[in-house]
Amino acid sequence: MKLSAPAIQAKKNQEKITMLTAYDASFARMLESAGVDMLLVGDSLGMVVLGYDSTVPVTMDEMIHHAAAVRRGAPNTMLVGDMPFLSYQVSPQQAIENSGRFFKESGCDAVKLEGGLEVCDAVRAIIAAGMPVMGHIGLTPQTAGKLGGFKVQGKDMESARKLLHEAKALEEAGVFSIVLECIPDGVAKIISESISTPTIGIGAGVHCDGQVLVTHDLLGLFEKFVPSFVKGYVNLAPEIKKAVRSFANEVTSGTFPDEGHSFPMQIDAQDMLAKKGE
Ligand code: KIV
């Protein structure tokens, strides 16, 4: 059954929340049948699937194209669309228009925005227009340059306090959940205990109200870079390469396709065709 934003909120202190990224229909179908609370079409799409060096180049059109595919594969799972860089920062009106595109053109159920106080006006505007919003603080990849790179955030008292302040401001603005990325588990614990909005951690320890991972990391499909907080539940990339090498070897040696993977013809028709070809 597809969960709603209030149903996700109601899970706080009752049951842990699960979320995974999805970028296409076939993965979405598998993830829905395995069972997770939410699917996130993350702008990690840019690095994991589209081959960019960061999430910054990802466009609204690319996000919508992939979100629509995920929606077709997983019609019964809550779907969150990640607002790409500069799709919500220019003005609250721009934020409403782009969130609206996610809803109207791909069938998303919520959107996610990176940032703290600076995005609260956009968050309020999107919610006022009728669309649920998920927040995202800590390591925010779209602005990693400003943070000094892909580094753990909130390690000292001042930056931890700032994160707590941002979480409270986002709660006040009305988000239904907040992703906490790459922050010490003790800071995530204090934030999670200080707000009634569920927190969803990635590299933020066990005290969050839920967890999210990039599916390709969990499955060992993205070999370029694996963050230390990722747990690989299976390592599929070597298996895929092995299968592809076997295919290539069998084609080269003429052992594929064999009889079991070909269509037979009636013997007499085959003889006639061979004679006509003479
Ligand atoms: O883009 C993404 O996949 C994300 C998750 C890592 C939370 O924002």
Side-chain angles (χ1 to χ4, degrees), residues 8 16-24 27-28 31 36-60 62-67 69-70 74 77-89 98-99 102 106 108 110-116 119 123 132-144 147 150-153 163 166-167 170 175-183 188 191-192 197-205 208-219 221-222 224-232:
I8 295 291
K16 293 274 186 180
I17 298 160
T18 54
M19 180 164 83
L20 285 173
T21 60
Y23 314 107
D24 65 49
F27 263 89
L31 298 175
V36 283
D37 293 324
M38 288 184 280
L39 291 178
L40 169 69
V41 186
D43 64 353
S44 50
L45 166 81
M47 297 169 85
V48 175
V49 171
L50 301 180
Y52 298 140
D53 282 336
S54 79
T55 58
V56 170
V58 178
T59 65
M60 267 315 289
E62 286 167 339
M63 291 302 297
I64 285 170
H65 181 73
H66 286 268
V70 172
T77 304
M78 179 166 184
L79 182 60
V80 183
D82 209 2
M83 298 284 279
F85 182 58
L86 277 197
S87 67
Y88 54 95
Q89 292 92 339
N98 282 323
S99 305
F102 258 132
S106 64
C108 281
V111 293
K112 175 167 86 59
L113 268 66
E114 291 184 10
V119 300
V123 168
V133 177
M134 177 182 280
H136 182 162
I137 57 174
L139 173 55
T140 45
Q142 292 174 9
T143 47
L147 303 173
F150 286 78
K151 288 186 182 154
V152 180
Q153 303 295 307
L163 285 172
E166 287 176 338
L170 285 167
V175 297
F176 74 95
S177 57
I178 305 176
V179 168
L180 303 179
E181 178 162 355
C182 266
I183 67 173
I191 293 175
S192 302
T197 302
T199 58
I200 302 178
I202 174 160
C208 298
D209 301 301
Q211 297 291 327
V212 54
L213 278 180
V214 168
T215 299
H216 285 58
D217 290 341
L218 174 158
L219 299 178
L221 281 172
F222 188 65
K224 209 170 160 191
F225 170 69
V226 185
S228 61
F229 58 77
V230 165
K231 179 171 176 186

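In each ligand, atom 1 is the first atom listed, and ligand 1 is the first ligand listed.
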Listed by chain and number, what are the side-chain hydrogen bond (donor to acceptor under 3.5 Å, both in side chains) partners of Thr199, not counting sequence neighbours? Ser192, Asp209
Residue pair Leu219 / Phe27, side-chain heavy-atom distance below 4.5 Å: yes
Pairs under 3.5 angstrom, nitrogen or oxygen on both sides, ligand 1 versus protein: list them out, please.
residue, atom, partner, partner atom, Å
ligand 1, 1 (O), Asp43, N, 3.2
ligand 1, 1 (O), Asp43, OD1, 3.0
ligand 1, 1 (O), Ser44, N, 3.0
ligand 1, 1 (O), Ser44, OG, 3.3
ligand 1, 1 (O), Asp82, OD2, 3.2
ligand 1, 3 (O), Ser44, OG, 2.5
ligand 1, 8 (O), Lys112, NZ, 3.0

Please enumerate all residues that pass ring pair (Phe, Tyr, Trp, His ring centres under 6.0 Å) together with His66, with sequence neighbours excluded. none
Test side chain to side chain contact (heavy atoms under 4.5 Å, CB included) on Thr197 and Phe176; report intermediate values, then the result. CA-CA 6 Å; Thr197 302; Phe176 74 95; 5.9 Å; no
Of all heavy-atom pairs between Cys182 and Leu139, which one has the smallest distance, and what is that distance? CB-CB, 3.7 Å
Please list, chain by chain and in numerical order, all residues satisfying side-chain hydrogen bond (donor to acceptor under 3.5 Å, both in side chains) with Ser106, sequence neighbours excluded. none
